[in-house]
Amino acid sequence: MTEKVEIKPYGGAAGGWGSVKSLATIGRREQSGPEVLRELTRQNKPDGFQCVSCAWGKPEHPHPAEFCENGAKATAWELARFRVTPDFFKAHTVAELLGWRDHDLEQAGRLTHPMRYDQSSDRYVAVSWEEAFTDIGAKLKGYDPTKAIFYTSGRAALETSYMWQLLARMYGSHNLPDSSNMCHETTSVGLKACIGSPVGTIQLTDYEHCDAIFYFGQNPGTNSPRFLHDLRSCAKRGVQIIVFNPLRERGLERFTDPQNPVEMATNSSTQIATQYHQVKAGGDIAAILGMIKHMLALDDAAGGTVLDYEFIAQHTKGFDGVAAKARETNWDEIERESGLTQMALEGAGAIYARSKAVICVYGMGLTQHRHGITNIQMLVNLMLLRGNVGRPGAGFGPVRGHSNVQGQRTVGITEKPELMPLDQLARQFDFEPPRELGWDTVAACEAIVGGEAKAFLGLGGNFARAVPDTATMEPAWRELDLVVNIATKLNRTHLWPGRTTYLLPCLGRIELDRQASGAQTVTMEDSFSRIYGSRGRATPAAAALLSEPAIVAGIAKATLAPNPKADWDGWVGDYRLVRDEIEKTWPDLFARFNERLGTPGGFWKGNHAAHREWKTGSGLAEFNVPETLNGAGFEDGEDRFRLITLRSNDQFNTTVYGYDDRFRGIKGTRDVAMMNRQDMTALGVVDGETVSLVGAYGDNADKRVGGLRVVPYNIPRGCIAGYFPELNILIPIAHHALESHVLAAKSVPVRVEKT
Ligand SMILES: Nc1nc2c(c(=O)[nH]1)N[C@H]1C(S)=C(S)[C@@H](COP(=O)(O)OP(=O)(O)OC[C@H]3O[C@@H](n4cnc5c(=O)[nH]c(N)nc54)[C@H](O)[C@@H]3O)O[C@H]1N2
Ligand SMILES: Nc1nc2c(c(=O)[nH]1)N[C@H]1C(S)=C(S)[C@@H](COP(=O)(O)OP(=O)(O)OC[C@H]3O[C@@H](n4cnc5c(=O)[nH]c(N)nc54)[C@H](O)[C@@H]3O)O[C@H]1N2
Ligand SMILES: [Mo]
C-alpha cells in the first residue's frame, strides 16, 4: 500500500482537534471495538492500567480522560482486531515479509501462537510451548553463558524484569543490554557522576512551584503529550519556558488542550515557549557555556549577588574551573559552536539569573551525541550556579522513554555488576552470580558482528531495527545460533532468523492476566521514580498467549538446574511473591511493596540528590570543565552535515502507526531529508528532489540511504533531520556517546548526494 504524499506546513497547535481527528483515524484503521473506549477510561488511573507508551508521571488526581493522542494510539494498537496466526505464516515466507514496511508488519495484528522458523520452507511454523521451552533450554545449556545476550526493551513490568535478570544471572550471563542503553544511559552515567543520581530529581508536583523551565532536546507534543497539560499550566502562571531545540517543535510553541472546552470551541491555544533557541545539533555545550559566561558578567556587575555562593561553597566542587573556562572562551567561538547569537544567549542567561526555582528538562536531543555526557555535565554546571537542585520547584527532569525503562534498571537489568546487590542475590537464591562486566547494547552489537555472540533472547523490542548500522548487523545476525523473541507483534528483528529461531507471543499489559491465584497486577516506575500497579482487564488477543512472567519462567525451568529457592511456578501463579523477592533484594526501596503499589500517584522510590545528599565520589555535587564545545564529536566540513534522526508524531520507536507527522506537515512518507533552504541552494537541490544521504566520517563513508525526498525546513544551517529507524543504516556502531555508549543518533555525519 502506498500513501499519498502531502507536504505543507501545519498551522494548528499541538493537541486540539488535530489530535481528536488523528485518534479517530487510528480507531478506524485498527477496527477498534468498544473495548478500546472502555479501556481508555481506565488508562493511567490508580485502579486501571498504566499506559504502554511513554513514562510520563501519573498524577495522584487524574483527569477524567488521563490519556493523550499517542497514548490512545498505543492502546488501540495493542488491542487491535487483526491477528497473525499460524495460517498467516503459511501464506507468507520470511523473504516475502522482509519486503513489507515496518508499519505493515505490525499492522498485520497480534501474534497468537509460539512459532519456530523452518529454514527449508523459509516460514515460521507453529510449535507447542513445551517444545519451544525444551529446545531453547537444551540449546542454552550447550553454550558458554557469557556468549548469550538477554535484551530487554523498556516495556516489561518490574516483576518480569526481575525474573529476567535472575534467569540471566543464574544461567551465568551478565549480558543484560536494554533499550536504556540507546536512550537515557547518558543520564544514568553522567548525572550520577555529577550529583549522585542516575535519574531525575524532581516530582511531578515541582512543576507547580518552578518559575522557569530550561527545556533541551525533547519533543513533548509527540513523545510525552500529557506533559503538555503541565506545561500549559506553567505557561498560564507566567513560568518562563526557555527552549533549546534545532527544530521548532509545535508542542513547545503552542498547545490547545483537548479537555478544555473553551480552547476547543474557539480554536485558541496557549503559547508555551517564552524564548525559542534553534541551537545547532550538538551545540548545547557551547550554548550553556554562553549562558554561564553571561551569568558571571551579571554577577560581577551586581557585586556577587547573582550566583548562590553559599550553596556553591557548601555543596559543590570545581566551580572555579568552570568559571575560568567560561570567562576565557570568547563569544565568537560560542556563537560558532552553538549556532546562536550572543544576544540570544544573554537573553536566556538573564532569565536564568533572575529565576528562583528552575527545572531543567531534557531528552534524546542531549543524550544521543558523541559528547552527550558533556551535555549533561553542562546542565549540572548551569543548575549548580544558583543551587537549583534539591528544593521545591527546582531540579532535573529528564523525560524517560519507554513506560518502565527506568524501573527495569531499578530491579537489576544492568550489565554493570556494581549496580546490583550481588551478595544479597547470591544469599537469597543460593547461587554464585557472575561478577564481571557484561555486554551493553554496543558491546552486544560488536559481539554479534564479530561472531562472538551465540544466542540472543529479546524480552520485547525490535533490537535489530533499533540499533545502529543495520546493514552490517543483518548478515552477522543470521549467524547467531539461537534467536528467541518474546513479542506482541511482528517486526523486522523477527525476520532475521538465526540458526534456530523462536517467536514467542505474549499478553500485553492492557490484557487480563489470570494465573493460579487469580487476576494479576504488575508494576512499573515512571520518570519521577514513582512506582505503581497496573491491572489489565481486556480480553487476551488469543487463548494460547502466555504472560511474560510465564514465558520467562518456562525458559528458566528448561534451562536452569532446579533450585528450591527459585520457585518459578509459584511466582507465575502469584506475582505478589515476585514482589516479595524484589523487596528482599532491595528492602529499603521496596519496603511493604505489595501494600504500597496501590498508592494513588505511585509511591516514591526516593532520591538522595533531591535532599542535597550527594552520592558522588567526592561527596559533593561536581562542576565539570567541558573538554570540547562541539557535542557532535566531528568537525563540520563544507559538505558535511549533522543528521538528526528522530521520531514522527505517528510512531512509537520502531512501531510505525502511520505516515502522518502532523506537526511537521509531512504526510504519506517517512523517506525525507528536512533541510535548510540556504543549504539546499548551496548544494543546488530543490524542494521535492530525491537525494541520498551518505556517511561522511571515517568508517561510515560506505553507508548510504537513497530515495529521500528533500523537504525545505526551518532547521539551522548544516543540520538535516530525518526519521529513525529508516536512517539507522548511516550510524556506525562506534558512533556513540563516550562512556555511556548511547548511539549518537542526533549528530550523524553525512553528506548529500544527488541521485
Ligand atoms: N508517541 C511516542 N512517544 C514516545 C516515543 C515514540 O517514539 N513515540 N518514544 C519513547 C522513547 S523510548 C523515548 S526515549 C522518548 C524520546 O523522546 P524525545 O527525547 O523527544 O526524542 P526524539 O523524538 O528523538 O527527539 C528529541 C528532540 O531533540 C531535538 N534535538 C535533536 N538534536 C538536538 C541537539 O543537539 N540539541 C537540542 N537541544 N535538541 C536536539 C529534536 O529536534 C527533537 O525535538 O519518547 C518516548 N515516547
Ligand atoms: N537512529 C535512532 N535510533 C534509535 C533512537 C533514535 O532516536 N534514533 N532511539 C533509541 C531509543 S531511545 C530506544 S528506547 C530504542 C527502542 O528500541 P526497542 O525498545 O527495542 O524498540 P521498540 O520499537 O520500542 O519495540 C517495538 C516492539 O516491541 C514489541 N512489544 C510491544 N509491546 C510489547 C509487550 O508488551 N511485550 C513484549 N514482549 N513485546 C512488546 C512489539 O513486538 C514491537 O514490535 O531505539 C533506539 N534507536
Ligand atoms: Mo528510548
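In each ligand, atom 1 is the first atom listed, and ligand 1 is the first ligand listed.
When K280, M364, K73, E249 are ranked by how near their heavy atoms come to atom 44 (O) of ligand 1, first place goes to E249. Selection from V361, V279, N245 by nearest heavy atom to atom 41 (C) of ligand 1 gives N245. When N223, D650, N653 are ranked by how near their heavy atoms come to atom 9 (N) of ligand 1, first place goes to N653. Of all the listed residues (I551, T152, L490, T488), T488 holds the heavy atom that lies closest to atom 34 (C) of ligand 2. Across P177, A464, G401, G460, heavy-atom proximity to atom 39 (N) of ligand 2 is greatest for G460.
A heavy-atom separation below 4.0 Å is found between A281 and ligand 1. Within the structure, the closest approach of H369 to ligand 1 falls below 4.0 Å when heavy atoms are considered.
Close approach of ligand 2 to Q368 (heavy-atom distance below 4.0 Å) involves ligand atoms 5 (C), 6 (C), 7 (O), 9 (N), 10 (C), 12 (S). Which parts of ligand 2 touch C506 is read off a 4.0 Å heavy-atom cut-off, strictly below it: atoms 36 (N), 37 (C), 38 (N). The contact set between ligand 2 and I731, taken as ligand atoms under 4.0 Å from a residue heavy atom, comprises 1 (N). Close approach of ligand 2 to I486 (heavy-atom distance below 4.0 Å) involves ligand atoms 37 (C), 38 (N), 39 (N). Heavy-atom contacts of N491 reach the following atoms of ligand 2: 27 (C), 42 (O), 43 (C), 44 (O) (cutoff under 4.0 Å). Those atoms of ligand 2 with a heavy atom of A487 less than 4.0 angstrom away are 38 (N), 39 (N), 42 (O).
No hydrogens or angles considered: a donor-acceptor pair under 3.5 Å links the side chains of E106 and T655. At a cut-off of 3.5 Å, with distance as the only test, no side-chain donor of E511 or T539 sits close to an acceptor on the other residue. Between the side chains of Y362 and D284, no donor-acceptor pair of N or O atoms lies under 3.5 Å.
Of the charged side-chain nitrogens involved, none lies within less than 4.0 Å of a carboxylate oxygen, so that R662 and D650 do not count as a salt-bridged pair.
Of the heavy atoms in A466, both backbone and side-chain atoms come closer than 4.0 Å to ligand 2.
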